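So you know, we letter chains A, B, ... as the sequences are listed, proteins then strands, and number each from 1. Computed from a predicted structure; not experimentally measured.
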2 protein chains.
Amino acid sequence: MPQVPKAVVSRLSLYLRELHRLARDGKETISSTQLGKLLGCTAAQVRKDMANFGQFGYPGVGYRCAELVTAIKQIMGTHQPWSVALVGIGNLGQALLGYRGFTDQGFRIVAAFDLDPHLIGTDVQGIPVFAVDELASVIREQSIRLAILAVPSSAAQEMADELTKAGIEGILNFAPVTLSHPPSVHTVGVDLAIELEQLSFAVVNKRQNS
Amino acid sequence: MPQVPKAVVSRLSLYLRELHRLARDGKETISSTQLGKLLGCTAAQVRKDMANFGQFGYPGVGYRCAELVTAIKQIMGTHQPWSVALVGIGNLGQALLGYRGFTDQGFRIVAAFDLDPHLIGTDVQGIPVFAVDELASVIREQSIRLAILAVPSSAAQEMADELTKAGIEGILNFAPVTLSHPPSVHTVGVDLAIELEQLSFAVVNKRQNS
DNA sequence: ATGGACGGGTGAATGAATTAACAGAATACC
DNA sequence: GGTATTCTGTTAATTCATTCACCCGTCCAT
């Protein structure tokens with residue numbers, strides 16, 4: 001499995017989400033056809049995507065939901081929980097601190113960082129807030145590998161550099177800028193305005209499906 | 001321009017973001033090579049992407065930043081502001097209400113909806129809050145075409161149906177579920193946990209670049 | 001048992017998208 | 001003014017992703 005296409009990985013997350021729901025609703029097994037329909041892709045695609053990682057299906061039966069959930073979690077690396085750092089406790093940062101979806105998927109925010117002296121030393125939503133100076137030491141002590149960056153664009157690159165120096169391996173960036181970073185660090189960017197822009201394009205260009 | 005690949009559209013937003021910054025910093029023109037480097041793609045890609053929509057560059061010069069910004073805005077449909085509805089004023093919803101990036105890109109949240117009787121009738125961050133019953137009437141009166149859905153997963157599909165009935169054309173969905181919807185409505189999903197999951201995969205599989 | 005329907009794995013064929021290569025146009029420099 | 005350079009638009013080549021078609025295994029009804 002040396003080269004897994006990026007598109008496959010993002011679909012894997014969607015499969016996982018759907019399978020999780022199905023398993024919780026008590027569905028034992030599901031066929032590639034059904035799963036494909038649920039996600040708007042072909043059955044062949046589902047099978048091929050899974051084939052990248054091994055054999056998981058049972059001929060004549062389909063995929064066992066619960067089993068596939070654990071398999072995909074293993075593949076994605078979320079079979080055991082991650083400790084995550086949050087940098088920036090503004091509007092968005094606070095919302096992320098309280099976001100249930102993270103913990104549900106095995107991501108636990110264990111430390112938050114900000115500049116505001118009123119916040120430093122306190123707990124916000126049960127999470128301790130540290131000064132940015134302490135970034136490196138806290139990250140090392142708690143062996144945190146992932147960080148969420150929710151600071152203003154003007155500070156984003158600088159904070160990303162700090163995180164990199166502290167040995168962070170992945171950054172989820174909410175600032176609307178393209179971060180530059182060494183290849184040893186991975187970044188995923190979420191620009192909320194861009195998502196709306198995509199919607200705007202789709203609407204004005206009245207393209208079918210979605 | 002009958003069939004523009006989806007990947008092109010999402011890159012267009014990144015170009016726009018970068019060009020916007022460049023223009024503000026006083027840069028007159030930029031070559032496809034430079035722009036590509038800034039975004040981590042090849043110069044050929046930049047040129048090809050733009051070629052989908054017409055001719056914007058000047059041989060021997062490059063692209064004029066300010067000019068290209070307005071051209072892309074025109075293409076994306078954000079050359080004039082959009083009125084947007086927000087459904088769900090929880091943790092995340094409130095953060096989105098206060099998010100600066102939306103207004104900067106021409107998206108104005110003009111109405112919010114929630115179930116909580118304490119909120120209905122009040123203003124949150126200067127935006128009036130309505131009951132869900134009023135969804136259709138408010139949306140029609142203000143001719144709102146886009147909506148942001150920030151409700152718990154359990155309510156997401158139901159609210160999406162309401163929005164559809166009310167004539168909404170595009171939904172930005174933050175609930176971690178796949179919405180089913182008629183082809184006349186476009187949806188873009190943002191699942192924050194999935195983004196972290198993608199990061200997790202990239203980190204454990206130590207794939208280079210990003 | 002056994003026939004038929006269901007369903008996954010897999011390699012070949014199709015279709016997209018990215019990259020490479022080049023011809024022509026504007027600029028800068030001497 | 002000519003020449004070298006820069007840079008676009010575009011066509012061709014390559015790479016990548018998706019779909020198709022078939023084989024074989026499993027289950028269920030008879």
Enquirer: Tell me the interatomic distance from Y63(A), atom OH, to dG9(C), atom P, rounded to whole angstroms.
Expert: 4 Å
Enquirer: Counting side-chain heavy atoms from CB outward, which of dG9(D), dT11(D), dG7(C) is closest to P59(A)?
Expert: dG7(C)
Enquirer: So is R64(A) actually on top of Y58(A)'s ring, under 6.0 Å and inside 45° of the axis?
Expert: yes
Enquirer: Answer yes or no: does a side-chain N or O of Q55(B) lie under 4.0 Å from OP1 or OP2 of dT10(D)?
Expert: yes
Enquirer: Can you tell me the distance, in whole Å, between the CZ atom of R11(A) and the P atom of dT19(D)?
Expert: 8 Å
Enquirer: In this structure, how many angstroms lie between the P atom of dG8(C) and the CG atom of N52(A), rounded?
Expert: 16 Å
Enquirer: What is the separation between atom NZ on K48(B) and atom P on dA21(C), rounded to the nearest whole Å?
Expert: 15 Å
Enquirer: To the nearest angstrom, how far is F56(A) atom CZ from dT26(D) atom C1'?
Expert: 19 Å
Enquirer: Of the nucleotides dT26(D), dG9(D), dG9(C), which has the atom closest to the V61(A) side chain?
Expert: dT26(D)
Enquirer: Relative to the 5' end of DNA chain D, which residue comes earlier, T42(A) or Y58(A), by the nucleotide with the nearest heavy atom?
Expert: T42(A)
Enquirer: A quick test of your reading: do over 12 heavy atoms of other residues, nucleotides or ligands sit less than 6.0 Å from CD of Q125(B)?
Expert: yes
Enquirer: Out of dC20(D), dA17(C), dT8(D), which has the shortest distance to the side chain of A44(A)?
Expert: dC20(D)
Enquirer: Could you tell me whether S32(B) contacts a base, only the sugar-phosphate backbone, or nothing, with contacts defined as non-hydrogen atoms closer than 4.0 Å?
Expert: sugar-phosphate
Enquirer: One thing to verify: whether K165(B) and D161(B) come together as a salt bridge, which I'm taking to mean a side-chain N less than 4.0 angstrom from a carboxylate O.
Expert: no
Enquirer: With sugar-phosphate meaning primed atoms plus P, OP1 and OP2, does G57(A) contact a base, only sugar-phosphate, or nothing at under 4.0 Å between heavy atoms?
Expert: sugar-phosphate
Enquirer: Could you check whether the rings of F201(B) and F53(A) sit parallel, tilted or perpendicular, using 30° and 60° as the cut-offs?
Expert: perpendicular
Enquirer: Between dG9(D) atom P and D49(B) atom CG, what is the distance in whole Å?
Expert: 12 Å
Enquirer: Side chain of Q45(A) only, please: which of dT10(D), dT18(D), dA17(C) is the nearest?
Expert: dT18(D)
Enquirer: Does F56(A) have its ring centroid less than 6.0 Å away from the ring centroid of Y63(A)?
Expert: no
Enquirer: Just the rounded figure in Å: distance from P of dG8(C) to CG of L68(A).
Expert: 11 Å
Enquirer: Using the side-chain heavy atoms of R47(B), tell me which of these nucleotides is nearest: dG8(C), dC22(C), dT19(D).
Expert: dC22(C)
Enquirer: If you check the S31(A) side chain, which of dT19(C), dC27(D), dG8(C) turns out closest?
Expert: dG8(C)
Enquirer: How long is the line joining CE of M50(A) and P of dG9(C), in whole Å?
Expert: 8 Å
